[in-house]
Amino acid sequence: MCGSRPLCGSRPGARPSAPQFRGPAAHVRPPCASRTGSPACWAPCTAAATSASPAMATPCSAPSATGSPSSTSRKGAALLVSLIGKCVIHQFYFHKPVHSVSFSPDGKKFVVTKDNLAYLYHAPGKKREFNAFVLDKTYYGPYDETTCIDWTDDSKCFAVGSKDMSTWVFGAERWANLIYYSLGGHKDVIVACFFEENSLDLYTISQDAALCVWQCDTELDGLKPMPPKDAAKEKKAAEDDEELLEEPKGEEIHGKADPSEQETRNKVKYSRVAKYFFNKEGDFNNLTAAAYHKKTHLLVTGFASGIFHLHELPDFNLIHSLSISDQRIASISINCTGDWIAFGCSGLGQLLVWEWQSESYVLKQQGHFNSMVSLAYSPDGQYIVTGGEDGKVKVWNTSSSFCFVTFTEHNSGVTAVTFTSTGYVVLSASLDGTVRAFDLHRYRNFRTFTSPRPSQFSCLAVDSSGEIVAAGSQDSFEIFIWSMQSGRLLDVLAGHEGPISSLSFNPMKCVLASASWDKTVKLWDMLDSWRTKETLIMNSDVLVVAFRPDGKELAVAALNGQITFWDHENAAQTGSIEGRHDLQMGRKELDKITAKQAAKGKSFTTLCYSADGQSILAGGLSKFVCIYNVKEQILMKKFEISCNYSLDAMEEYLDRRKMTEFGSMALIDEGGGGDEGVAIPLPGVKRGDMSYRHFKPEIRVTCVRFCPTGRSWAATTTEGLLLYSLDSGLIFDPFELDIDVTPSNIHKTLSQKEYTMAIVMAFKLNEKKLIQEVIEAVPSSEVDVVCSSLPDLYVEKLLEFLASAFETSCHLEFYLIWAHKLLMLHGQKLKTRSVKLLPVIQFLQKSIQRHFEDVSKLCEWNIYNIKYALAISQQRGMKRPAEETPGDEEELDSDSDYLMQEAHKDN
């Protein structure tokens with residue numbers, strides 16, 4: 001993902017510092033962000049292109065032959081990014097919005113279209129250049145905005161489609177018989193144009209679902225270079241023009257829609273050989289996207305109704321006609337072999353990959369339609385569950401970043417989600433008055449909890465055993481307690497005088513903490529008939545509460561921006577953090593006060609302790625997530641979750657370019673005839689008025705959660721679901737380093753077969769590759785002896801290394817032997833430090849569990865194949881009864897269940 005950079009954690013014995021999470025390591029964007037543009041490296045983009053390159057491009061970016069993508073924003077700002085170094089190489093400003101960008105197949109040039117012009121640039125090369133965007137030619141021709149670009153296979157010519165219903169063919173070089181050519185024949189906007197393979201023949205497709213086939217009377221080899229005299233004369237004229245201008249515009253080529261006979265003499269000519277229509281009689285459906293695979297002659301077209309067609313060209317034979325959904329297909333792409341087709345639907349945020357020959361889905365993903373509100377990690381850290389305002393509950397795999405199951409039973413927005421301690425049950429609370437439990441084995445809603453009177457649930461909690469479910473109401477000010485086993489309502493806790501904002505169970509004791517807008521936090525004792533054990537009085541409305549993983553401390557965030565820490569056993573406050581200034585609020589377009597004044601009313605809305613309880617994450621109505629050290633009560637690091645300025649409240653000061661003599665342009669209603677201007681939203685409005693012509697979602701963090709393994713944390717934001725991870729592999733971070741600990745001494749110790757000493761020295765140097773080399777050099781027969789002689793301090797470090805090595809190494813059995821021997825020999829000592837070691841053990845469990853699932857599926861499939869082959873071999877020499885017909889024999893041969901039964905009988 002764009003912007004993912006790993007760093008290590010804090011050094012043992014040093015001053016408390018923030019774990020250096022960099023990221024996001026994964027990014028899941030909700031489709032609602034498509035209203036403001038697709039983020040590429042966190043910039044709103046409208047144009048993208050791809051060239052033949054071994055590098056991978058980020059969304060809305062165009063990689064060149066050197067592996068550097070370029071992305072362009074709506075205002076014409078372009079970035080040239082190195083995919084190898086993950087940094088911006090060059091910035092360029094086109095001054096106007098760019099409609100499309102396309103690299104030539106040889107990667108030496110690229111075309112940029114803006115307004116009705118096409119600009120040909122030299123692509124950045126491997127040599128270092130002061131200006132990476134060198135303009136070569138400017139092409140004039142279309143009368144309206146351009147829509148699409150396509151190149152010939154040899155990069156000699158390119159075609160440009162336009163909204164004026166014309167398609168223009170330009171030469172990338174000054175050919176004697178082809179400088180420009182204009183093609184008509186359509187009655188609507190050109191959506192796409194494609195060259196045939198190794199040919200100048202062209203296909204043009206318009207929005208009214210019409211396809212024109214154009215045949216050229218000249219082959220690509222027939223293009224003649226311009227005579228040297230004419231070329232030198234034109235070059236000199238172009239240089240003279242550049243001297244008179246401040247900025248070089250390159251060579252200009254002016255096309256004419258109706259050239260004279262003299263200009264077309266001995267030139268390339270096109271003729272329309274066919275015209276086809278996609279829509280049936282009486283069916284008026286706009287064509288919105290198209291893609292063409294030149295090698296297989298496969299044309300894929302998408303329509304506004306969600307239907308897509310597959311045709312074989314040039315005969316226009318229909319292969320398939322299927323429907324994805326009822327939403328508009330925004331983009332289509334075909335892989336290099338022509339087997340897989342990818343479809344994107346911006347309306348619902350759908351991404352589909354379809355294998356057209358077998359007519360099956362390879363991938364089917366869809367994000368939340370509206371903003372994500374809540375998230376929770378599974379106990380082993382493998383999965384994340386999210387709840388959105390669209391009423392959907394989605395479960396994501398943290399390794400692949402894919403959603404593998406979606407639950408749609410809720411009828412209103414989901415306000416809270418959580419996992420039970422087993423990790424196989426997901427609970428969700430909703431504004432529709434229900435709390436639902438979902439089974440991750442059978443993917444079904446097996447339990448629904450309701451209240452006697454309809455209530456809107458705003459928060460949710462489940463105890464450590466997974467047997468007690470609690471939900472808080474925002475309208476009746478009550479807390480409802482249910483039994484997971486029976487589904488019955490056990491109790492209704494009353495006592496708060498305001499809406500319930502947050503609930504949290506103590507991980508170690510049967511105590512429930514509830515926060516409310518009535519400025520109190522109540523502690524309820526489950527063993528004492530749910531009586532109020534303690535009431536903590538705050539100075540402001542309480543928004544969120546969270547217990548430390550060991551259950552000995554309670555963190556409370558209030559409306560005044562403070563985070564207070566409490567010893568809930570003695571009802572004593574142990575510390576506080578003034579976090580209002582750390583939020584660093586931005587100023588919204590419709591705000592009439594400065595960001596500094598607006599920040600006085602802002603606060604943290606979500607809290608989460610780290611896995612070891614030493615740090616706490618906090619987020620709110622801001623583009624920053626703060627991480628504090630609990631003991632020192634200081635800010636360790638601020639994470640900026642987005643740089644997307646198409647979102648509201650991103651800038652601290654208003655842009656002067658948007659200011660007029662009457663104030664901000666956003667406060668002036670250009671379309672309305674009233675004198676009042678734009679209506680100012682009421683305080684507390686989260687979404688804004690989506691009926692406005694220009695709607696900008698406000699940047700905010702709705703939920704943050706630390707992974708139980710302690711290696712990553714996640715946040716649900718306006719940008720989507722962001723994952724930040726720790727990776728200490730690229731940073732030199734020694735531990736108790738001595739002057740004698742060097743790589744050469746470690747290799748010398750290893751050659752003398754002093755394995756324990758070599759492992760200790762490698763961990764002191766703390767180089768991951770060196771540690772891996774030493775560990776893998778130990779014979780499997782010596783693992784038992786080495787584990788028994790390993791100091792206790794390095795057992796924890798070795799377990800952490802094994803957990804990370806499981807994710808990348810192919811030596812599965814070897815590392816399993818290490819993990820087994822360490823836990824068997826040091827299990828009792830590790831148990832005494834279980835609270836501190838819990839994140840490491842959970843990290844190890846997550847890695848082993850993932851391998852177990854992969855290997856078990858493979859083994860089950862192999863066992864089935866072996867049994868089937870064995871049954872077939874046993875049936876080969878048997879004679880058939882005489883009364884069986886040939887049809888019965890064929891039926892018997894194809895019945896694999898019968899063969900499997902026979903094999904079991906023989907065994």
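What you see is a predicted model; the values in this text were computed from it and never measured.
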> Has the side chain of Ser847 got a donor or acceptor atom that lies under 3.5 Å from a matching backbone atom of Ala803?
yes
> In Å and rounded to the nearest 0.5 Å, what is the CD1 to OG distance from Ile616 to Ser610?
8.5 Å
> Are the side chain of Thr716 and the backbone of Cys703 linked by a donor-acceptor contact shorter than 3.5 Å?
yes
> How about Lys846 and Tyr383: do any of their side-chain heavy atoms sit closer than 4.5 Å?
no
> Minimum heavy-atom separation for Leu427 to Ala437, with atom names?
CD2-CB, 3.5 Å
> Just by modelled atom types, is the Arg447 backbone N or O under 3.5 Å from a matching donor or acceptor in the Asn445 side chain?
yes
> Evaluate the side chain to side chain contact (heavy atoms under 4.5 Å, CB included) criterion for residues Leu512 and Met526: first the C-alpha distance (whole Å), next the side-chain angles of each, then the deciding distance (0.1 Å), finally the verdict.
CA-CA 7 Å; Leu512 173 67; Met526 185 170 63; over 6 Å; no
> About how many Å separate CG of Leu844 and CD of Gln849, when rounded to the nearest 0.5 Å?
11.5 Å
> Can you establish whether the number of heavy atoms outside Glu813 located under 6.0 Å from its atom CD is more than 12?
no
> Any heavy-atom pair between the side chains of Phe505 and Val511 that's under 4.5 Å?
no
> I want to know whether Trp713 and Phe639 have ring centres closer than 6.0 Å.
yes
> Taking C-beta and beyond as the side chain, do Tyr609 and Val630 meet within less than 4.5 Å on heavy atoms?
yes
> Using a 4.5 Å cut-off on heavy atoms from C-beta on, say whether the side chain of Glu773 contacts that of Glu767.
no
> Just by modelled atom types, is the Val704 backbone N or O under 3.5 Å from a matching donor or acceptor in the Thr606 side chain?
yes
> Side-chain contact, heavy-atom cut-off 4.5 Å: Leu722 with Val625?
no
> Please report the interatomic distance CZ(Phe806) to CH2(Trp818), rounded to the nearest 0.5 Å.
12.0 Å
> Could you go through the side chain to side chain contact (heavy atoms under 4.5 Å, CB included) check for Val425 and Phe446 one step at a time?
CA-CA 10 Å; Val425 176; Phe446 70 93; 3.9 Å; yes
> Just how far is it from atom CD1 of Ile775 to atom CG of Leu770, taken to the nearest 0.5 Å?
10.5 Å
> What is the minimum heavy-atom distance between Pro708 and Tyr377, and which atoms define it?
CD-CB, 3.7 Å
> Under the 3.5 angstrom rule, does the side chain of Ser374 hit a backbone N or O of Val417 as a donor-acceptor pair?
yes
> Before you tell me yes or no, could you show the steps for Ile384 and Arg705 under side chain to side chain contact (heavy atoms under 4.5 Å, CB included), namely the whole-Å CA-CA distance, both residues' side-chain angles and the distance that decides it to 0.1 Å?
CA-CA 10 Å; Ile384 290 178; Arg705 290 291 180 266; over 6 Å; no
> Is it true that a side-chain atom of Asn506 and a backbone atom of Gly551 form a donor plus acceptor pair closer than 3.5 Å?
yes
> Kindly check if the number of other-residue, nucleotide or ligand heavy atoms within 6.0 Å of OH (Tyr361) is above 12?
yes
> Closer than 3.5 angstrom, by distance alone: can the side chain of Lys394 be matched with the main-chain N or O of Gln366 as a donor-acceptor pair?
yes
> As a quick check of understanding, evaluate side chain to side chain contact (heavy atoms under 4.5 Å, CB included) for Lys552 and Met508, giving each step before the final call.
CA-CA 9 Å; Lys552 295 181 180 179; Met508 300 300 172; over 6 Å; no
> Within the structure provided, determine whether Leu790 and Tyr755 are in side-chain contact (heavy-atom separation under 4.5 Å).
no
> For the CG atom of Leu798 and the CZ atom of Phe763, what is their distance to the nearest 0.5 Å?
4.5 Å
> Distance check, rounded to the nearest 0.5 Å: Leu617 atom CG versus Ile627 atom CD1?
5.0 Å
> Within the 4.5 Å heavy-atom criterion, are Lys768 and Ser804 side-chain neighbours or not?
yes
> Can you pull out every side-chain hydrogen bond (donor to acceptor under 3.5 Å, both in side chains) where at least one residue sits in residues 778-791? Sequence neighbours excluded, please.
Thr756-Ser789
> Of all the heavy-atom pairs spanning Gly381 and Cys707, show the shortest one and how long it is.
CA-SG, 3.8 Å
> Is any side-chain heavy atom of Leu799 less than 4.5 Å from a side-chain heavy atom of Leu823?
yes
> Is a side-chain N or O of Gln365 found less than 3.5 angstrom from the main chain of Cys403, in a donor-acceptor match?
yes
> Taking only Lys NZ, Arg NE, NH1 and NH2, and the carboxylate oxygens of Asp or Glu, determine whether Asp550 and Arg548 approach each other closer than 4.0 Å.
yes
> Are more than 12 heavy atoms from other residues, nucleotides or ligands located less than 6.0 Å from atom CZ of Phe852?
no
> Within a 6.0 Å radius of atom NZ on Lys509, are there more than 12 heavy atoms belonging to other residues, nucleotides or ligands?
no
> Is the backbone of Phe565 close enough, under 3.5 Å, to the side chain of Thr574 for a donor and an acceptor to pair up by distance?
yes
> I'd like to know if the side chain of Thr398 reaches the main chain of Gln382, judged simply by a donor and an acceptor atom lying under 3.5 Å from each other, with no hydrogens or angles considered.
yes
> Can you tell me if NE2 on His820 sees more than 12 non-hydrogen neighbours from other groups inside 6.0 Å?
no
